[in-house]
Amino acid sequence: MNVYHFKKGTEICNYSYSSNILAVLSLKNRLVVCLEESIYIHNIKDMKLLKTLLNTPSNPSGLCALSINHCNSFLAYPGSDTNGEIIVYDANNLSTVTMIPAHDSPLAAITFSASGTKLASASERGTVIRVFSIPEGLRLFEFRRGMKRYVNISSLSFSPDAQFLCASSNTETVHIFKLEQHSPSGEEDAPSWSAYVGKMFTAASSYLPAQVSGMMSQDRAFATVRLQMVGQKNVCTLAIIQKLPRLLVASSDGQLFIYNIDPQDGGECTLVQKHRLFGSDKDWEGTEKCELTEPPQACQTYAATVAIPTSGPVTATLTGYSEDGGAKKGEVIPEHEFAAGPVCLDDETEFPPVSIR
């Protein structure tokens with residue numbers, strides 16, 4: 001492993017390990033190196049080796065997750081190679097926090113929320129996704145991705161406010177789940193037909209076998225995306241871009257897709273932008289943007305669809321989205337605060353330029 005100073009382009013140090021390095025994770029104060037049967041934790045300031053976790057269960061994919069909150073520097077990794085146990089380790093205090101019996105099958109994906117207070121996991125079956133509280137390890141949510149077929153979950157990601165969780169796999173569908181606690185009374189401000197149906201299923205589930213009733217009580221996807229490619233490895237993430245929630249999906253062939261998400265009603269997400277990350281112009285001719293192949297109205301942004309009608313002078317205002325509280329009804333964002341033109345990733349002001357070598 002080589003550690004470089006990015007701006008100076010110089011090597012800071014290098015370390016050798018006993019077997020192949022499968023994953024490297026870093027925080028402001030910790031750097032974690034994952035091998036198949038061991039994990040090394042370094043102090044990132046001087047690269048001193050603080051802890052070596054030896055004889056960990058076989059982990060050929062290097063599956064592990066590190067909380068990005070340096071105050072809650074939790075490390076999660078498989079606790080078994082035969083079932084879905086998760087070990088949560090405190091990388092600050094160098095001690096085991098808890099063991100979570102998350103799934104019956106071996107783990108396929110794990111991820112922390114930005115605050116480090118939630119942990120999501122999926123097994124190799126890929127049908128159920130669970131969310132646990134950290135450090136307690138209590139199950140908070142259980143979502144069913146599907147029932148007909150097993151899939152390989154390739155990535156899980158929380159939104160910055162931990163109100164949503166997205167999951168991508170080797171299928172053409174990306175699922176977005178909403179993490180909301182249902183009120184004990186089951187009452188709603190405006191009861192809908194789906195709410196009545198949900199109550200009916202809940203009542204009926206008590207008369208069914210435990211396995212069937214458990215499946216009926218699991219929440220389904222709040223929003224979905226149908227990808228343009230199938231069978232390619234991809235990663236997904238939820239982000240706030242131009243003050244609106246977006247889903248980003250990057251595929252192994254170098255495509256980056258940006259979708260709008262309706263944080264109120266969910267449903268099918270709309271593709272608003274497509275970028276190429278690498279490859280020749282000839283290979284990507286005519287595939288730069290969705291606007292090239294669709295009429296302008298088909299790529300209308302979510303911001304435009306929720307514009308609040310006003311009387312008098314036309315001064316467009318849009319429903320706001322807060323990273324701390326999600327969509328807030330009544331909060332308004334002035335039009336001049338939105339960037340003009342297509343959706344852009346403002347990374348050049350935050351990250352160094354990247355070149356392909």
Side-chain angles (χ1 to χ4, degrees), residues 1 15-44 47-126 128-141 152-158 162 165 167-169 233 235 237:
M1 179 187 66
Y15 280 82
S16 296
Y17 299 88
S18 57
S19 61
N20 290 343
I21 298 172
L22 302 178
V24 176
L25 308 173
S26 65
L27 284 175
K28 182 179 292 186
N29 58 343
R30 293 290 183 264
L31 186 141
V32 177
V33 179
C34 179
L35 311 184
E36 182 171 352
E37 295 182 345
S38 58
I39 295 176
Y40 296 80
I41 302 176
H42 295 265
N43 182 11
I44 205 166
M47 288 306 297
K48 178 181 178 181
L49 180 61
L50 301 176
K51 185 72 174 181
T52 302
L53 304 176
L54 297 174
N55 301 319
T56 57
S58 179
N59 184 12
S61 63
L63 179 63
C64 57
L66 188 64
S67 167
I68 63 173
N69 188 331
H70 67 275
C71 296
N72 297 323
S73 298
F74 295 123
L75 169 68
Y77 61 91
S80 171
D81 55 0
T82 59
N83 58 49
E85 290 183 356
I86 303 174
I87 301 295
V88 179
Y89 190 86
D90 189 335
N92 272 341
N93 299 315
L94 305 177
S95 60
T96 301
V97 176
T98 187
M99 188 281 291
I100 304 174
H103 303 271
D104 295 330
S105 302
L107 294 172
I110 49 178
T111 188
F112 283 101
S113 63
S115 63
T117 57
K118 292 184 178 67
L119 174 69
S121 66
S123 72
E124 290 182 348
R125 292 183 179 180
V128 175
I129 296 169
R130 296 187 172 104
V131 178
F132 302 89
S133 64
I134 300 297
E136 300 84 5
L138 302 177
R139 185 190 301 181
L140 299 176
F141 302 94
N152 298 321
I153 300 292
S154 56
S155 69
L156 293 172
S157 179
F158 285 95
L165 173 69
S168 66
S169 65
K233 186 175 181 179
V235 293
T237 189

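- With hydrogens and angles disregarded, a donor-acceptor distance shorter than 3.5 Å links the side chain of Asn69 to the backbone of Cys71.
- In this structure, the side chain of Thr52 does not engage the main chain of Leu54 through any donor-acceptor pair within 3.5 Å.
- When side chains are defined from C-beta on, Ile100 does not count as touching Arg130, because their heavy atoms never get closer than 4.5 Å.
- Between the OG atom of Ser168 and the CG atom of Asn152 there is a distance of 11.0 Å, given to the nearest 0.5 Å.
- Residue Asp81 qualifies as enclosed at atom CG: its count of foreign heavy atoms under 6.0 Å is above 12.
- A distance of 8.0 Å separates CG of Leu63 from SG of Cys34, quoted to the nearest 0.5 Å.
- What you find for Ser113 and Thr117 is that their closest heavy atoms are OG-N, 3.5 Å.
- Without hydrogens or angle criteria, Ser67 side chain to Phe112 main chain gives no donor-acceptor distance under 3.5 Å.
- In this structure, CG in Leu50 is found 7.5 Å from CD1 in Ile41, a value given to the nearest 0.5 Å.
- A donor-acceptor pair shorter than 3.5 Å cannot be found between the side chains of Ser58 and Glu37.
- Remark: Ser121 OG to Glu85 CD distance equals 12.0 Å, nearest 0.5 Å.
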**OP:** Test side-chain contact (heavy atoms from CB on, under 4.5 Å) on Leu53 and Ile87 and set out the steps.
**Re:** CA-CA 12 Å; Leu53 304 176; Ile87 301 295; over 6 Å; no
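- Under the side chain to side chain contact (heavy atoms under 4.5 Å, CB included) rule, Leu107 has a single partner from Pro57, Pro78, Ser123, which is Pro78.
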Subject >> From CA spacing to verdict: side-chain contact (heavy atoms from CB on, under 4.5 Å), Ile134, Val88 >> reply: CA-CA 8 Å; Ile134 300 297; Val88 179; 4.1 Å; yes
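- Of the N and O atoms on the side chains of Thr237 and Ser157, at least one donor lies less than 3.5 Å from an acceptor on the other residue.
- For the atom pair CD1 (Ile129) and OG1 (Thr111), the distance works out to 11.5 Å, reported to the nearest 0.5 Å.
- Residues Met47 and His42 share a closest heavy-atom pair of O-ND1, 3.3 Å.
- Using a 4.5 Å heavy-atom threshold, the side chains of Asn59 and Ile39 count as separate.
- Smallest separation of non-hydrogen atoms from Ala122 and Leu156: N-CD1, 4.0 Å.
- For Ser38 against Thr56, the heavy-atom pair with the smallest separation is N-OG1, 3.2 Å.
- Closest approach of Asn72 to Ser115, counting heavy atoms only: ND2-O, 3.0 Å.
- The shortest distance between side-chain heavy atoms of Ser95 and Asp90 falls below 4.5 Å.
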**OP:** Apply the test side-chain contact (heavy atoms from CB on, under 4.5 Å) to residues Val131 and Phe158: give CA-CA distance (whole Å), side-chain angles for both, the deciding distance (0.1 Å), then the verdict.
**Re:** CA-CA 10 Å; Val131 178; Phe158 285 95; 4.1 Å; yes
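- When all heavy atoms of Val97 and Phe74 are compared, the closest pair comes out as CG2-CE2, 3.8 Å.
- Under the 3.5 Å distance criterion, the side-chain polar atoms of Tyr15 are left unmatched by any main-chain donor or acceptor of Leu49.
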Which pairs would a plain distance check flag for residues 19-30, meaning a side-chain donor or acceptor within less than 3.5 Å of a matching protein atom at least two apart in sequence or in another chain?
unit_1 : atom_1 : unit_2 : atom_2 : d
Asn29  : ND2    : Asn92  : OD1    : 2.8
Arg30  : NE     : Ala91  : O      : 2.7
Arg30  : NH2    : Asn92  : O      : 3.3

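- Atom OH of Tyr89 is separated from atom OG1 of Thr96 by 6.0 Å, given to the nearest 0.5 angstrom.
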